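Just so it is clear, the model here is predicted, and its values are computed rather than measured. What you see below is based on every heavy atom in this structure, not just the backbone, and it leaves out hydrogens, waters and symmetry mates.
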Amino acid sequence: MSLYQMQKFLFDINRDPAVQQRFLADRSSVLEGYELIGEERDAIAAGDIGMLYVLGANGQLLMHYAAFLGMEWSAYIEAMREGVRKYGPVRAGLYSMTTRLDEKVADV
């Protein structure tokens, strides 16, 4: 997993209007500039907030990306919960899960 590169993309798209415009015009070409594994690339391109969360994306970066995609706050929170239910525990990063999945889903 290339967690740094995924978060670098999220940082860039959240901060740089030129990256935002290029991404809206051609997602694939923007994503080629980052060393992402297929799962990360697919989740970003699809706007799959749940998968990005499970892959370890920082919540602050992810929150702004969700807003960029037009997602409301409650939908963002639910997307993270659904990601854990669908894809399993957070795999890496600050939010990696160290307890049983059923305990964590109840807490999210």
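- Scanning for side-chain hydrogen bond (donor to acceptor under 3.5 Å, both in side chains) contacts around Lys86 gives an empty result, with sequence neighbours left out.
- Nearest heavy atoms, Ala66 versus Tyr76: CB-CD1, 3.6 Å.
- In this structure, CZ in Phe23 is found 6.5 Å from CG in Leu69, a value given to the nearest 0.5 Å.
- In this model, no donor atom of one side chain and acceptor atom of the other lie less than 3.5 Å apart for Tyr53 and Asp48.
- In this structure, NE2 in His64 is found 9.5 Å from CG in Asn58, a value given to the nearest 0.5 Å.
- Here side-chain hydrogen bond (donor to acceptor under 3.5 Å, both in side chains) pairs that include residues 15-27, with residues two or more places apart or in two chains, are Asp26-Ser29.
- In terms of the side-chain hydrogen bond (donor to acceptor under 3.5 Å, both in side chains) criterion, residue partners of Glu78 (sequence neighbours excluded) are, by chain and number, Arg85.
- Across Lys8, Met6, Gln7, a single residue satisfies side-chain contact (heavy atoms from CB on, under 4.5 Å) together with Tyr4, and that is Lys8.
- In plain terms, the two heavy atoms of Leu61 and Asn14 that are nearest each other are O-ND2, 2.9 Å.
- Residues that satisfy the side-chain contact (heavy atoms from CB on, under 4.5 Å) test with Gln5, not counting sequence neighbours, are Ser2, Tyr34, Glu35, Leu36.
- Met80 contributes atom CE, which lies 11.5 Å from atom CG of Leu52 (distance to the nearest 0.5 angstrom).
- Applying the ring-ring contact (aromatic ring centres under 6.0 Å, His included) criterion to Tyr65, with sequence neighbours excluded, gives Phe9.
- Within the 4.5 Å cutoff, the side chain of Ile49 has heavy atoms near those of the Leu62 side chain.
- The side-chain hydrogen bond (donor to acceptor under 3.5 Å, both in side chains) test applied to Glu39 returns Arg91, not counting sequence neighbours.
- For the atom pair CD (Glu82) and OH (Tyr87), the distance works out to 8.5 Å, reported to the nearest 0.5 Å.
- Smallest separation of non-hydrogen atoms from Val19 and Asp12: CB-O, 4.1 Å.
- The closest side-chain heavy-atom distance from Phe68 to Leu24 is below 4.5 Å.
- Of the inter-residue distances, the one linking Leu31 atom CG with Ile44 atom CD1 reads 5.5 Å to the nearest 0.5 angstrom.
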